[in-house]
Amino acid sequence: MEMASSARTVEEIFKDFSARRAAVVRALTYDVDAFYGLCDPDKENLCLYGHPSETWEVALPAEEVPPELPEPALGINFARDGMNRKDWLSLVAVHSDSWLLSVAFYLGARLNRNERKRLFSLINDLPTVFEVVTERKPVKEKPSVDSGSKSRGSIKRSSDGQMKSNPKLMEDSYEDEEDHTETLCGSCGGNYNADEFWIGCDVCERWYHGKCVKITPAKADSIKQYKCPSCMKRSRS
């Protein structure tokens with residue numbers, strides 16, 4: 001396990017949280033087959049770690065007591081073969097969410113009340129690992145005065161090279177958006193950013209960071225119909 005981050009400000013702790021979360025999301029979605037294979041029930045208590053380098057690891061718990069950081073749930077591998085795969089992954093996701101929060105507030109032990117509130121607000125703007133794994137999309141809250149970083153009418157390129165507008169980003173900031181959902185990457189769960197290249201699956205209609213599915217703008221121009229990794233896997237099975 002990587003050593004604890006020296007992060008202490010709200011921004012540094014949130015960066016650490018986001019990186020660890022991205023790693024865990026990748027383990028439970030994009031790299032799920034590899035993760036599943038590593039969780040052998042015949043092995044000892046195993047944990048899923050997400051590191052600040054955005055890499056994940058299935059490993060034994062730390063030997064030192066107390067550990068450098070709060071430990072993830074122990075023995076996630078024991079229940080692997082006794083549950084439906086989807087239910088097992090959801091269970092690991094729930095425990096991972098709890099661990100990510102515990103690490104963030106462990107690092108933020110010296111934050112004051114307002115700083116803790118701001119940290120949780122930043123964390124709460126991201127979908128939980130459980131929501132990503134179970135493909136649940138949280139309802140977008142009405143934007144605050146200082147959160148309007150997305151430009152209206154932002155566009156994303158679809159797999160056929162056509163520019164598609166994102167109607168959710170064209171809403172006026174003062175309009176109640178309770179019936180709208182945030183656009184999230186189907187791989188890492190990250191929020192839509194107009195400065196990044198995204199590609200839409202023509203089968204399930206979910207959107208992905210190009211970098212998450214290894215598709216560049218040039219490559220997208222040559223694809224007539226794009227299928228995301230999940231849809232490709234379903235079609236093969």
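Count residues from 1 along the sequence. Nothing here was measured: the structure is a model prediction, and the numbers come from that model.
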(request) With side-chain contact (heavy atoms from CB on, under 4.5 Å) as the test, would you mind laying out the steps for Lys219 and Lys214 before giving the verdict? (result) CA-CA 9 Å; Lys219 188 174 182 180; Lys214 296 181 173 60; 5.9 Å; no
(message) Quick check: closest heavy atoms across Glu71 and Tyr49, and the distance to 0.1 Å?
(response) OE1-OH, 2.5 Å
(message) Please find the pair of heavy atoms, one from Pro52 and one from Arg20, that lie closest to each other, and give the distance.
(response) CG-NH2, 3.4 Å
(message) Check whether Arg21 reaches the backbone of Val129 with its side chain - one donor and one acceptor, N or O, closer than 3.5 Å.
(response) no
(request) Enter the distance from Leu48:CG to Cys39:SG here, rounded to the nearest 0.5 Å. (result) 7.0 Å
(request) Output the distance between atom CD (Gln225) and atom SG (Cys231), rounded to the nearest 0.5 Å. (result) 9.5 Å
(message) Apply side-chain contact (heavy atoms from CB on, under 4.5 Å) to residues Ser230 and Cys204 and explain how you reach the verdict.
(response) CA-CA 9 Å; Ser230 296; Cys204 66; over 6 Å; no
(request) Indicate if Val203 and Ile199 have the same hydrophobic cluster label, given that clusters are the connected sets of ILVMFWY residues with side-chain heavy-atom separations under 4.5 angstrom. (result) no
(message) Run the ring pair (Phe, Tyr, Trp, His ring centres under 6.0 Å) test against Phe105 and tell me which residues pass, sequence neighbours left out.
(response) none
(request) Please name all residues satisfying side chain to side chain contact (heavy atoms under 4.5 Å, CB included) with Cys188, sequence neighbours left out, ordered by chain then number. (result) Cys185, His209, Cys212
(request) Output all residues satisfying side-chain hydrogen bond (donor to acceptor under 3.5 Å, both in side chains) with His95, sequence neighbours left out; order by chain, then residue number. (result) none
(request) Drop me the distance from Asp97's CG to Ser102's OG, to the nearest 0.5 angstrom. (result) 10.5 Å
(request) Name all residues meeting the side-chain hydrogen bond (donor to acceptor under 3.5 Å, both in side chains) criterion together with Arg85; count only those two or more places apart in sequence or in a different chain, and write none if there are none. (result) Asp33
(request) May I ask whether Val133 and Phe130 are part of the same hydrophobic cluster, defined by side-chain heavy atoms of I, L, V, M, F, W, Y residues being less than 4.5 angstrom apart, directly or through others? (result) no
(request) Determine the minimum heavy-atom distance between Ala104 and Leu119, stating which atoms define it. (result) O-CD2, 4.1 Å
(message) Applying side chain to side chain contact (heavy atoms under 4.5 Å, CB included), can you list everything that pairs with Asn114, at least two apart in sequence or on another chain?
(response) Asn112
(request) Could you tell me which non-hydrogen atom of Tyr208 sits nearest to which non-hydrogen atom of Cys201, and how far apart they are? (result) CE1-CB, 4.3 Å
(message) I need the minimum non-hydrogen distance between Phe14 and Ile123, along with the two atoms involved.
(response) CE1-N, 3.8 Å
(message) Do Val94 and Phe17 land in one hydrophobic cluster if side-chain heavy atoms of ILVMFWY residues count as linked below 4.5 Å?
(response) no
(message) I'd like to know if Ile76 and Phe78 are part of one continuous hydrophobic network [Ile/Leu/Val/Met/Phe/Trp/Tyr, side-chain heavy atoms within less than 4.5 Å].
(response) no
(request) Establish, yes or no, whether a centroid distance under 6.0 Å links the rings of Trp198 and Tyr226. (result) no
(request) Check the hydrophobic clustering (I, L, V, M, F, W, Y; side-chain heavy atoms under 4.5 Å; chains of links allowed) and say if Leu126 and Leu100 are grouped together. (result) yes
(message) Among residues at least two apart in sequence or on other chains, which ones pass side-chain hydrogen bond (donor to acceptor under 3.5 Å, both in side chains) with Glu44?
(response) none
(message) Restricting to side chain to side chain contact (heavy atoms under 4.5 Å, CB included), what partner residues turn up for Asn124, sequence neighbours left out?
(response) Phe120
(request) From the options Asn77, Asp40, Leu38, select the one residue that forms a side chain to side chain contact (heavy atoms under 4.5 Å, CB included) with Val58. (result) Leu38
(message) Suppose clustering is done on Ile, Leu, Val, Met, Phe, Trp and Tyr with side-chain heavy atoms closer than 4.5 Å. Which residues sit in the same group as Leu74?
(response) none
(request) For the pair Lys227 and Asp202, evaluate side-chain contact (heavy atoms from CB on, under 4.5 Å) and give the outcome as yes or no after the intermediate values. (result) CA-CA 6 Å; Lys227 285 186 180 181; Asp202 291 314; over 6 Å; no
(message) When you measure from the side chain of Thr29 to the backbone of Val25, do you find a donor-acceptor pair of N or O atoms at a distance under 3.5 Å?
(response) yes
(message) Going by the rule side chain to side chain contact (heavy atoms under 4.5 Å, CB included), which residues pair with Lys117 if we only count those two or more places apart in sequence or in a different chain?
(response) none
(request) Kindly compute the distance separating CG (Leu69) from CH2 (Trp99), expressed to the nearest 0.5 Å. (result) 7.0 Å
(message) Suppose we screen for side-chain hydrogen bond (donor to acceptor under 3.5 Å, both in side chains). Which residues come up paired with Asp31, at least two apart in sequence or across chains?
(response) Trp56
(request) Kindly give the cluster partners of Tyr30, where membership spreads through any ILVMFWY side chain lying under 4.5 Å from a current member. (result) none
(message) Checking Ile223 against Ile215 for the side-chain contact (heavy atoms from CB on, under 4.5 Å) test, could you report, in this order, the C-alpha distance in whole Å, the side-chain angles of both residues, the deciding distance, and whether it holds?
(response) CA-CA 10 Å; Ile223 301 175; Ile215 299 293; 4.1 Å; yes
(message) Using 0.5 Å steps for rounding, measure from the CG atom of Leu28 to the OG atom of Ser96.
(response) 5.5 Å
(request) Please list, chain by chain and in numerical order, all residues satisfying salt bridge (charged side-chain N to carboxylate O under 4.0 Å, His left out) with Glu54, sequence neighbours excluded. (result) none
(message) Please give me the minimum heavy-atom distance between Gly186 and Arg206, naming the atom from each residue.
(response) CA-NH2, 3.5 Å
(message) Can you tell me how far apart CD (Glu135) and NZ (Lys86) are? Round to the nearest 0.5 Å.
(response) 6.5 Å
